[in-house]
J.: 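Take a look at the following structure, please.
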Amino acid sequence: LLAHYVNEVALDEDLNPTLVRQYDVPGAGPNEAVVADVNGQEFLYIMHQANASFGVWRLDGPGEAELMQVPTSLCFYYVPC
């Protein structure tokens with residue numbers, strides 16, 4: 001039911017989660033995600049299962065992710081279309 005959302009959560013000392021923010025990615029259905037640090041700036045890279053694409057968010061702080069790369073098709077690179 002939440003296939004079109006990316007949920008940002010915070011964990012307290014006992015590892016109990018709290019929803020910080022929910023990001024809408026309509027029609028994409030996020031599948032795999034990884035956070036990477038590039039020159040001191042964190043980015044969230046997400047593979048989208050529904051349309052064989054990926055999106056990139058810049059992580060500026062809790063609840064402040066900004067979409068930097070609109071989901072783009074991977075057809076030319078990895079997935080035959």
Side-chain angles (χ1 to χ4, degrees):
L1 295 175
L2 296 176
H4 301 290
Y5 295 98
V6 173
N7 295 314
E8 180 179 350
V9 297
L11 301 175
D12 66 17
E13 294 175 356
D14 297 320
L15 301 180
N16 295 310
T18 301
L19 182 64
V20 174
R21 185 169 173 189
Q22 196 169 58
Y23 300 93
D24 190 12
V25 287
N31 187 13
E32 301 277 340
V34 65
V35 174
D37 183 290
V38 178
N39 295 324
Q41 175 66 59
E42 290 185 330
F43 292 90
L44 172 66
Y45 298 89
I46 298 179
M47 296 291 294
H48 299 282
Q49 64 189 10
N51 57 8
S53 67
F54 66 95
V56 180
W57 279 260
R58 185 180 70 214
L59 306 177
D60 293 330
E64 297 180 14
E66 182 178 341
L67 181 63
M68 301 302 297
Q69 168 76 38
V70 176
T72 305
S73 175
L74 295 175
C75 291
F76 300 109
Y77 304 105
Y78 305 108
V79 180
C81 297

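One is the number of the first residue; the rest follow in order along the sequence.
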J.: Taking it one step at a time, do Q41 and D60 satisfy side-chain contact (heavy atoms from CB on, under 4.5 Å)?
T.: CA-CA 8 Å; Q41 175 66 59; D60 293 330; 3.6 Å; yes
J.: What are the two closest non-hydrogen atoms of V20 and G63, and how far apart are they?
T.: CG1-N, 3.6 Å
J.: When rounded to the nearest 0.5 angstrom, what is the spacing between CG in L59 and CE in M68?
T.: 11.0 Å
J.: Are L67 and V35 connected in the hydrophobic side-chain network, where two residues link if heavy atoms are under 4.5 Å apart?
T.: yes
J.: If hydrophobic clusters are built by linking Ile, Leu, Val, Met, Phe, Trp and Tyr wherever their side-chain heavy atoms come under 4.5 Å apart, do F43 and V34 end up in the same one?
T.: yes
J.: Do R58 and E66 meet the salt-bridge criterion of a basic N to acidic O distance under 4.0 Å?
T.: yes
J.: If you take all heavy atoms of A65 and Y23, which pair is closest and at what distance?
T.: N-OH, 3.1 Å
